[in-house]
Amino acid sequence: MPIKANDPNRVSWLPVREDSDFPIQNIPFGVFLTREDVITIGTRIGDTAIDLGALHQLGYLRDIPLTDDIFLQDTLNDFISDGKKTWRAVRNRIAEIFDVENKDLQQNEAHKKIILFALDEIEMQLPVQIGDYTDFYSSKEHATNVGKMFRDPENALLPNWLHIPVGYHGRSSTIIPSGTPIRRPYGQTLPKGAKTPVFGPSQRVDFELEMAFITTDANKLGEPIPLADAEEYIFGLVLFNDWSARDIQKWEYVPLGPFLGKSFASSISPWIVTLEALEPFRVASPVQTPTPFPYLRQEGPGSFDIHLEVDLIPESGESNTICRSNFRYMYWTMAQQLAHHTVNGCKINSGDMMGSGTISGPTEDSFGSMLELAWMGSKPLALKNGQTRTFIEDLDTVVLKGYCKKEGLRIGFGEVRSQLLPPMLPKSFQT
């Protein structure tokens, strides 16, 4: 079945701004609460949200084999489980319905009132129930920068890094949708020069510019996924701010790795952009030396040209763009990450999420964290209001944006926006 939804010449009868992340060629998927307090699965064209539950119930998707309640749920998990053939059929049909030449819904005012919503009439929700979450560490530039700061600058990368996509299992319960504020976390830290730790709020809260992919049911326990098949099980991508408390992390990570310094909050954008929508923007990933083991060798372009930006907004202040990077810098691709994740037989389920790891580029303005941008506090960033930052301060808002652009076509992810609130001191800590 061809990907008709990707036709670059298609125009929608819904209004779409020229710089919109969501033209008719995108057709992402998300979950939202409607003006009637009904939760539904939907998509978006321009600044119009589309209730897929209502669209299906009114018969517009009748030519696709779908269960009656597939879009009447509070997560995308069941739809994702239906697999790539269904995802493509639904996207193609949505593209047809909202094509400017199609009058079926366009001229049905009663149905449009039920199906269509302005963005200020809905409240976006977490799009999937995330059962398991894995975070990788796949930017060579980021790993090198961290190695230079914390280890030997001449041997910044650990011996395993060029051979495997390094990763760790994270905490899915604290993954939250864009717009949800977070609290500065408490934990143990070891101040510089001290011999014993102290307890209190983290002083080094940081963002991490990442993307994450969402999987479908992929394999049976004990069954590896071949790299050549890996993308068949990737539904789509979101922007991902994997918040970090660097001082807590530094004290706790030996010998078992990140724990409280990473599990207090991770923010994702609410619309999942399918891998198929990104197909026109496929590019080669960096050359890998040494050559990976055969199970990790990827033929052809395995990455995507996704422009990424990070804005920092102080309270009552102007927005400051502090980072411009690109997903194409990632050394290890999504397919390699998934193939490696399952080479030991690990089972992957619908709604599982895999973070890319911090996405840093080769220049200082493309570093994907405050740790790198301010070089562990030694190079404070100057803001428009005259203030400086070495890490994120209370009431700062961090906004991640991402989009692809080629030959007049723009496909984007919207944004993931989060504000850092002051720590909340439980009564039990005061005794």
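Every value quoted in this text rests on a predicted model; they were computed, and no experiment measured them.
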Just checking Phe259: does its CZ atom have more than 12 heavy atoms from other residues, nucleotides or ligands closer to it than 6.0 angstrom?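 Count not over threshold, so no.
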
In this structure, are over 12 heavy atoms from other groups packed under 6.0 Å from Lys220 atom NZ?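 No, because the 6.0 Å sphere around NZ of Lys220 holds 12 heavy atoms or fewer from other groups.
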
Check whether the side chains of [X] and [Y] place a donor and an acceptor atom closer than 3.5 Å, and report yes or no.
{"X": "Ser178", "Y": "Glu415", "answer": "no"}
{"X": "Arg410", "Y": "Asn26", "answer": "no"}
{"X": "Ser202", "Y": "Arg204", "answer": "no"}
{"X": "Trp332", "Y": "Gln337", "answer": "no"}
{"X": "Ser350", "Y": "Ser81", "answer": "yes"}
{"X": "Glu309", "Y": "Thr321", "answer": "no"}
{"X": "Asn349", "Y": "Asp132", "answer": "no"}
{"X": "Ser325", "Y": "Ser366", "answer": "no"}
{"X": "Glu208", "Y": "Ser244", "answer": "yes"}
{"X": "Thr189", "Y": "Gln203", "answer": "no"}

Under 3.5 Å donor-acceptor, [X] side chain and [Y] backbone:
{"X": "Thr34", "Y": "Val38", "result": "yes"}
{"X": "Gln288", "Y": "Tyr331", "result": "yes"}
{"X": "Glu121", "Y": "Arg35", "result": "no"}

Which pair of heavy atoms, one from [X] and one from [Y], lies closest together, and at what distance?
{"X": "Gly42", "Y": "Phe32", "answer": "CA-CE2, 3.6 Å"}
{"X": "Asp394", "Y": "Pro423", "answer": "OD2-CD, 3.9 Å"}
{"X": "Asn92", "Y": "Ile3", "answer": "OD1-C, 3.6 Å"}
{"X": "Arg93", "Y": "Ile64", "answer": "CB-CD1, 3.7 Å"}

With the side chain counted from C-beta on, respond yes when Ile392 and Phe207 share a heavy-atom pair under 4.5 Å apart, and no when they do not.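 Yes. Closest side-chain heavy atoms under 4.5 Å.
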
If you define the side chain from C-beta out and look only at heavy atoms, does anything of Ser316 sit under 4.5 Å from Asn385?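 The answer is no, as the side chains (C-beta and beyond) never meet within the 4.5 Å cut-off.
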
How about [X] and [Y]: are their ring centres within less than 6.0 Å of each other?
{"X": "Phe29", "Y": "Phe79", "result": "yes"}
{"X": "His163", "Y": "His340", "result": "no"}
{"X": "Tyr133", "Y": "Phe240", "result": "yes"}
{"X": "His307", "Y": "Phe327", "result": "no"}
{"X": "Phe367", "Y": "His142", "result": "no"}
{"X": "Trp243", "Y": "Phe264", "result": "no"}

Any chance you could lay out the salt bridge (charged side-chain N to carboxylate O under 4.0 Å, His left out) test for Arg282 and Glu231, step after step, and finish with the verdict? CA-CA 13 Å; Arg282 187 179 287 275; Glu231 288 190 2; 2.8 Å; yes

Is the shortest distance from a Lys or Arg side-chain nitrogen in Asp47 or Arg44 to a carboxylate oxygen in the other one below 4.0 Å?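 The answer is yes: the pair qualifies as a salt bridge.
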
Are Lys401 and Asp311 ion-paired here, with the side-chain N under 4.0 Å from a carboxylate O?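 Looking at Asp311 together with Lys401, the answer is yes, because their closest N to O distance falls below 4.0 Å.
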
Of Arg389, Arg184, Arg417, which is the lone residue that meets salt bridge (charged side-chain N to carboxylate O under 4.0 Å, His left out) with Asp396?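 Answer to the salt bridge (charged side-chain N to carboxylate O under 4.0 Å, His left out) test with Asp396 among Arg389, Arg184, Arg417: Arg389.
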
